[in-house]
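Read the structure below first, then the notes.
Each ligand, and each atom within it, is numbered from 1 in the order the structure gives.
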Amino acid sequence: MSLEQIIRREIEQDGPISVARYMELCLAHPTYGYYKTRDPLGRPGDFTTAPEISQMFGEMIGVWVASVWQSLREPEAKLVELGPGRGTLMSDIRRVLCGIGIVPDTWMVETSPVLREQQRARVPDARWADTIAAVPDGPLIVVANEFFDALPVRQYVSAPDGTREVRVGVGTDGALSFGLGSLVPAGDLKDSWDEISPASDAIARALAERLELDRGAALVIDYGFGATDRPEGPTLQALRKHERADPLSSPGSADLTTLVDFDRLAAAFAPLPVSRTEQGHFLAQLGIGARAQALVKREPAQANDVADALERLTSAKAMGTLFKVLAVHSPDVLPPPGFEE
Ligand code: SAH
């Protein structure tokens, strides 16, 4: 049976399903889910994640972690990554920390068995958990790059007669198609559309509770928006082999993501102090320019590659402004670096 058949059967039995349920089946079905069956980051290309573009990205996050570590003054603090992909980011962070004599107890929160193996190859002494709640008590420094964008969202739009939830059903032509479900109370629907991720709200709240209770800080980097650059409509998109694809065709064979609503994420961390900026600014503040120069000095033949990577990570034309950075910390930790004007 294919994932599409499984989805069709569920729709036949229960009626059209929410976008969140559809995303969950496509990404996390135990047998056919996109992340469960393959290494989606395996082929470097135009659409790859920041840590796979250059070691400089992870090194700057390493500088950030080192600074928080010093402010936290907890030799037992755990370093935790949510959705570590191939383990590249953690391996780059740990190299920086090791250089200044810090070897933290490292935890990976990862549900994909395929990616756990990749992570083990790069960070053999890490430990794994399915959820943040399963990471043992104690102070934490958490990083999450392109994690929240992969969590399922419920999608709402305003129809002529009120707010309705978008659902996935079977159209008159027999293909999977988007349609509108019954009226829902508009409640806190933002604007004429909204995407709300119950999973990401729950994870952010669990993280905030942990940081309040056990102390520490978290860094979230993702493509997303705030009040000033909110897109005009829903943001669900599919990428198959690095190309834009129809999210409803061949379920389970494409990556499904949404832009992260950083205002909503920040609200879920309340009342903890939150700092926000854009990726280009953040990396520049942490010294990526100087790091690029040092790499070129050491290996002049790499000059073009280093310049390309720097451009992709920081320029407004590439990831520099579309990608947002949010830090949250317990009140006793100094405001983390990277967010100064
Ligand atoms: N951070 C990595 C990978 C991003 S892809 C990078 O920047 O390259 C998203 C990652 O989140 C994958 O490792 C995926 O398996 C993981 N993931 C998705 N949903 C998850 C969940 N609910 N719990 C834990 N990990 C999850």
Side-chain angles (χ1 to χ4, degrees), residues 20-30 32-62 65 79-94 106-123 126-135 142-153 197-207 218-224 237-239 242 252 254-260 279 282-283 309 312-313 319 322-325:
R21 176 65 181 155
Y22 179 75
M23 287 181 79
E24 187 186 333
L25 288 166
C26 288
L27 296 176
H29 185 279
Y32 301 106
Y34 183 76
Y35 283 115
K36 292 290 169 129
T37 52
R38 69 193 85 203
D39 167 7
L41 303 152
R43 276 190 333 156
D46 282 345
F47 294 98
T48 192
T49 58
E52 305 296 332
I53 290 174
S54 164
Q55 68 186 72
M56 293 186 287
F57 180 80
E59 288 168 350
M60 293 306 109
I61 311 298
V65 171
L79 177 58
V80 181
E81 183 171 359
L82 308 181
R86 312 181 82 199
T88 309
L89 173 57
M90 185 55 92
S91 143
D92 291 337
I93 294 173
R94 293 259 310 224
T106 301
W107 285 79
M108 308 286 219
V109 175
E110 175 60 67
T111 43
S112 157
V114 180
L115 289 174
R116 278 191 182 198
E117 278 319 303
Q118 291 268 348
Q119 294 155 17
R120 206 183 309 277
R122 289 179 183 81
V123 190
R127 284 185 276 175
W128 281 263
D130 279 336
T131 61
I132 185 90
V135 175
V142 180
V143 297
N145 184 63
E146 289 206 39
F147 169 72
F148 284 97
D149 67 62
L151 299 176
V153 299
S197 170
S200 105
D201 287 354
I203 291 170
R205 274 198 297 271
L207 195 52
L219 183 70
V220 176
I221 305 177
D222 225 310
Y223 58 149
Q237 68 162 22
L239 285 181
H242 307 297
D255 194 11
L256 298 180
T257 60
T258 59
L259 294 183
V260 173
Q279 177 169 303
F282 179 76
L283 295 176
R312 284 177 73 182
L313 292 172
M319 302 173 81
L322 178 58
F323 278 71
K324 308 293 193 283
V325 186

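- Backbone and side-chain nitrogen or oxygen atoms of Thr49 are examined, and one is located within less than 3.5 angstrom of a nitrogen or oxygen of ligand 1.
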Hey, mind stepping through Arg122 and Asp92 against salt bridge (charged side-chain N to carboxylate O under 4.0 Å, His left out) and telling me if it holds?
-> CA-CA 10 Å; Arg122 289 179 183 81; Asp92 291 337; over 6 Å; no
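- Of all heavy-atom pairs between Asp130 and Glu110, the closest is OD1-O, 3.7 Å.
- Looking only at heavy atoms of the protein, atom 2 (C) of ligand 1 is closest to Gly83 O, 3.4 Å.
- Rounding to the nearest 0.5 Å places CG of Asp149 at 4.0 Å from CG of Asp222.
- The atoms of ligand 1 that sit less than 4.0 Å from any heavy atom of Val109 are 24 (C), 25 (N).
- Across Asp255, Asn145, Ile221, heavy-atom proximity to atom 7 (O) of ligand 1 is greatest for Asn145.
- Considering every non-hydrogen atom in both Ala150 and Leu27, the closest pair reads O-CD1, 3.2 Å.
- The nearest heavy-atom contact from the protein to atom 22 (N) of ligand 1 is Leu151 CD2, 3.8 Å.
- Taking distance alone, with nitrogen or oxygen atoms compared against 3.5 Å, Glu110 approaches ligand 1 more closely than that limit.
- With hydrogens left out, the protein atom closest to atom 4 (C) of ligand 1 is Glu146 O, 3.3 Å, a heavy atom.
- Short contacts between ligand 1 and Ser112, defined as distances under 4.0 Å to a heavy atom of the residue, involve ligand atoms 15 (O).
- If you number the atoms of ligand 1 from 1 as listed, the ones under 4.0 Å from a heavy atom of Pro51 come out as 6 (C), 7 (O), 8 (O).
- Between Leu256 and Ala238, the shortest heavy-atom contact is CD2-CB, 3.6 Å.
- Set against the non-hydrogen atoms of Gly85, the atoms of ligand 1 under 4.0 Å away are 2 (C), 3 (C), 13 (O).
- Look at Thr111 and you'll find a heavy atom under 4.0 Å from some atom of ligand 1.
- The heavy-atom pair separating Met60 from Leu283 by the smallest distance is CB-CD2, 3.7 Å.
- Nearest approach of Ile132 to Leu207, heavy atoms of both residues: CD1-CD1, 3.7 Å.
- Ligand 1 lies nowhere less than 4.0 angstrom from a heavy atom belonging to Leu82.
- Below 4.0 Å from some heavy atom of Leu115 lie the following atoms of ligand 1, by number and element: 12 (C), 13 (O), 15 (O).
- When all heavy atoms of Lys36 and Val114 are compared, the pair lying nearest together is O-CG2, 3.4 Å.
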